[in-house]
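Have a look at the structure below, then the notes.
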Amino acid sequence: MSAVLVVNSGSSSFKYQLIDMDTEEALASGLVERIGDASGQTTHHGPHGTSERTLAIPDHTAGFRAMLDAFDADGPSLTEYPPVAVGHRVVHGGKRFFEPTVVTPLVEINIEDLADLAPLHNPANLQGIRAAEKAFPDVPHVAVFDTAFHRTLPPAAYTYAIDAELAERHRVRRYGFHGTSHKYVSETVARYLDRPLGDLKQIVLHLGNGASACAVDGGRSVDTSMGLTPLEGLVMGTRSGDLDPAVLVHLSRRAQLSTDELDELLNRRSGIFGLSGHRDMRDLHAAIVDGDQGARLALDTYLHRLKHYIGAYAALLGGLDVVTFTAGVGENDAAVRAGALAGLEFLGIRIDEGRNAERSKNTRIISADDSAVTVLVVPTNEELEIARQTLAAIGESAAAG
Ligand SMILES: Nc1ncnc2c1ncn2[C@@H]1O[C@H](COP(=O)(O)OP(=O)(O)O)[C@@H](O)[C@H]1O
Ligand SMILES: CC(=O)OP(=O)(O)O
Ligand SMILES: [Mg+2]
């Protein structure tokens, strides 16, 4: 049996899975949250159920230690199931990294160099890698990049209409993110429907804390809503998504906001949080039930933007076979799914209310039988996709070496 440990680091949390690659089943999975806060939390799902601990987790190194302690206390034993490799989610690969890449000191320098393009993510990803290297010094570590799946974007989709020379010099273009999820989900859809991936025109809506839409034509990403950084596109938990770039100029001049303050505003104090004070979609719904008008507007804005991208991508794809919802909101929130697709019957989209309302952790169809477009919910599994690519990368590097 070969097991791969996968670490999916976020700015203040990380998710992990230890995956048996013969069965592709998780032997354990978990979440380390609120890293850097006064009190952090670990949740570990092991062979004997779920255990939770509250403890101070000052940084990702301490978070990694807390994860290892959870394995020691609740199993499975990492000596019994030693990982043959550790796979890491790295958000920004720039124009350098498209393939899963075995981490070397030079690769680490390059990931660090890309931090200004993903300030919430790349530094945390790198801390996760360094902590894992200390804990598992004898196995290969492989970086799998969110940007990689979007390498197929055509120039017209990735180009921003600004001074071409300046853009080239400063690496300004659309890169796109959540690629590991968009790839995993669009391939899962084809398998589930038993249709050739190459025949399908798909829209994937990854709606988590960060959210992005992707137009997938025959298995290739042809457009996606996140851009140079994971800020553009959809309305998110705390990120604004699209706005007129002149808003920045205006706020800088009129409200005297500095570059760092604008960055903070748009990444951490905008989105549904900026409009309503709630960053979690469940809290937003509860506030709407209580009659909160700001919360209502936040949800309406979120849905308006989603619909905008669905229409745009149907046009770009020149047809549409599948729309799929994934990630925390997409997998769990029937009201968001129904709201995003309401009124789109003219595109051939008809949702079945009963199917949409069903609660399930499995891949499922939620469109009506007579809907021309099939609408699905697919639980994403970035960790499994990273584990597959990690195993492939170490196989290739062993063959090459
Ligand atoms: N039952 C639910 N209904 C609505 N939203 C949910 C539900 N469960 C989770 N979410 C949303 O999913 C988000 C987390 O999604 P996730 O994909 O785990 O995000 P990330 O990987 O970016 O942390 C939460 O912030 C919350 O808004
Ligand atoms: C790229 C990105 O936004 O990731 P997440 O949704 O995990 O924050
Ligand atoms: Mg995520």
Ignoring hydrogens, what is the shortest heavy-atom contact between [X] and [Y]? Give both atom names and the distance.
| X | Y | answer |
| --- | --- | --- |
| N125 | V90 | OD1-CA, 3.4 Å |
| T101 | V107 | CG2-CG2, 3.8 Å |
| V139 | P83 | CG1-O, 3.4 Å |
| L68 | A135 | CD1-CB, 3.7 Å |
| E33 | S13 | CA-CB, 4.0 Å |
| A211 | M226 | O-CE, 3.4 Å |

Pair [X], [Y]: side-chain N/O donor-acceptor within cut-off below 3.5 Å:
| X | Y | result |
| --- | --- | --- |
| T50 | H45 | yes |
| S181 | H206 | yes |
| N356 | D352 | no |
| S51 | D74 | yes |
| R96 | N110 | yes |

Value rounded to 0.5 Å, distance of [atom1] in [X] from [atom2] in [Y]:
| X | Y | atom1 | atom2 | answer |
| --- | --- | --- | --- | --- |
| L266 | L248 | CG | CG | 5.5 Å |
| D263 | R269 | CG | CZ | 11.0 Å |
| L320 | I349 | CG | CD1 | 5.5 Å |
| L234 | H308 | CG | NE2 | 9.5 Å |
| L376 | T188 | CG | OG1 | 10.0 Å |
| E261 | S252 | CD | OG | 10.0 Å |

Residues E187 and R191 bridged, charged N to O under 4.0 Å: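 A salt bridge is absent here (no side-chain N lies under 4.0 Å from a carboxylate O).
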Is the shortest distance from a Lys or Arg side-chain nitrogen in K201 or D321 to a carboxylate oxygen in the other one below 4.0 Å? no
Listed pairs under 3.5 Å, donor-acceptor, residues 59-66 side chains, sequence neighbours left out:
{"from": "D59", "atom 1": "OD1", "to": "T61", "atom 2": "N", "distance (Å)": "3.3"}
{"from": "D59", "atom 1": "OD1", "to": "A62", "atom 2": "N", "distance (Å)": "2.9"}
{"from": "H60", "atom 1": "ND1", "to": "Q127", "atom 2": "OE1", "distance (Å)": "3.2"}
{"from": "H60", "atom 1": "NE2", "to": "G10", "atom 2": "O", "distance (Å)": "3.2"}

Is the shortest heavy-atom distance from the side chain of [X] to the side chain of [Y] under 4.5 Å?
| X | Y | answer |
| --- | --- | --- |
| Q41 | R53 | no |
| N267 | T238 | no |
| S29 | L18 | no |
| R337 | V377 | yes |
| V373 | L347 | no |
| V216 | V222 | no |

R171: side-chain hydrogen bond (donor to acceptor under 3.5 Å, both in side chains) partners, not counting sequence neighbours: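 side-chain hydrogen bond (donor to acceptor under 3.5 Å, both in side chains) list for R171, sorted by chain: D113.
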Under the side-chain hydrogen bond (donor to acceptor under 3.5 Å, both in side chains) rule, collect the residues that match up with E345, sequence neighbours excluded.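 For E345, no residue satisfies side-chain hydrogen bond (donor to acceptor under 3.5 Å, both in side chains) once neighbours in sequence are set aside.
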Sequence neighbours left out, what pairs pass side-chain hydrogen bond (donor to acceptor under 3.5 Å, both in side chains) with at least one residue falling in residues 358-369?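 Only R355-D369 qualify under side-chain hydrogen bond (donor to acceptor under 3.5 Å, both in side chains).
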Counting heavy atoms not belonging to R253, are there more than 12 under 6.0 Å from its CZ?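 No, CZ of R253 has 12 or fewer neighbouring heavy atoms, counting only those of other groups under 6.0 Å.
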Take a 6.0 Å sphere around NE2 of H304 and say whether it holds more than 12 heavy atoms from other residues, nucleotides or ligands.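 No.
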Should the pair H92 and F177 be assigned to parallel (<30°), tilted (30 to 60°) or perpendicular (>60°) ring geometry?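 The rings of H92 and F177 stand perpendicular, inter-plane angle above 60°.
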What orientation do Y16 and F71 show, parallel under 30°, tilted 30 to 60°, or perpendicular over 60°?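 Aromatic pair Y16/F71 classed tilted.
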How would you list, by chain and number, every residue that makes a ring-ring contact (aromatic ring centres under 6.0 Å, His included) with [X], sequence neighbours excluded?
| X | answer |
| --- | --- |
| H88 | H141 |
| Y313 | Y309 |
| Y81 | none |
| F149 | none |

Pi-cation contact, Y158 with R173 (under 6.0 Å, within 45°):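 Yes, R173 and Y158 form such a contact.
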Taking only distance into account, with no hydrogens and no angle test, what donor-acceptor pairs under 3.5 Å do side-chain atoms of residues 325-333 form with protein atoms, sequence neighbours excluded?
{"from": "T326", "atom 1": "OG1", "to": "E331", "atom 2": "OE2", "distance (Å)": "3.3"}
{"from": "T326", "atom 1": "OG1", "to": "V378", "atom 2": "O", "distance (Å)": "2.6"}
{"from": "T326", "atom 1": "OG1", "to": "T380", "atom 2": "N", "distance (Å)": "3.1"}
{"from": "E331", "atom 1": "OE2", "to": "A327", "atom 2": "N", "distance (Å)": "2.8"}
{"from": "E331", "atom 1": "OE2", "to": "T380", "atom 2": "N", "distance (Å)": "2.9"}
{"from": "N332", "atom 1": "ND2", "to": "G328", "atom 2": "O", "distance (Å)": "2.7"}
{"from": "D333", "atom 1": "OD1", "to": "H285", "atom 2": "NE2", "distance (Å)": "3.3"}
{"from": "D333", "atom 1": "OD1", "to": "A335", "atom 2": "N", "distance (Å)": "3.1"}
{"from": "D333", "atom 1": "OD1", "to": "V336", "atom 2": "N", "distance (Å)": "3.0"}
{"from": "D333", "atom 1": "OD2", "to": "H285", "atom 2": "NE2", "distance (Å)": "2.6"}

Sequence neighbours excluded, which residues qualify as salt bridge (Lys or Arg N to Asp or Glu O under 4.0 Å) partners of K15?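 Testing K15 for salt bridge (Lys or Arg N to Asp or Glu O under 4.0 Å), a comparison that skips the adjacent residues, returns none.
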List for me each residue that meets salt bridge (Lys or Arg N to Asp or Glu O under 4.0 Å) alongside R268, sequence neighbours excluded, and say none if there are none. none
Out of R89, H182, H178, which one pairs with D146 under the side-chain hydrogen bond (donor to acceptor under 3.5 Å, both in side chains) rule?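 The option that passes is R89.
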Quick one: side chains of residues 387-395, donor-acceptor pairs under 3.5 Å with protein atoms, not counting sequence neighbours, listed by atom name and distance.
{"from": "R388", "atom 1": "NE", "to": "E24", "atom 2": "OE1", "distance (Å)": "3.4"}
{"from": "R388", "atom 1": "NE", "to": "E24", "atom 2": "OE2", "distance (Å)": "2.9"}
{"from": "R388", "atom 1": "NH2", "to": "E24", "atom 2": "OE1", "distance (Å)": "2.8"}
{"from": "Q389", "atom 1": "NE2", "to": "E385", "atom 2": "OE2", "distance (Å)": "2.8"}
{"from": "T390", "atom 1": "OG1", "to": "I386", "atom 2": "O", "distance (Å)": "2.7"}

Please assess D292 against R296 for the test salt bridge (charged side-chain N to carboxylate O under 4.0 Å, His left out), listing each intermediate value before the final yes or no. CA-CA 6 Å; D292 182 331; R296 180 72 251 172; over 6 Å; no
Evaluate the salt bridge (charged side-chain N to carboxylate O under 4.0 Å, His left out) criterion for residues R151 and E99: first the C-alpha distance (whole Å), next the side-chain angles of each, then the deciding distance (0.1 Å), finally the verdict. CA-CA 10 Å; R151 68 182 303 174; E99 300 303 327; 2.7 Å; yes
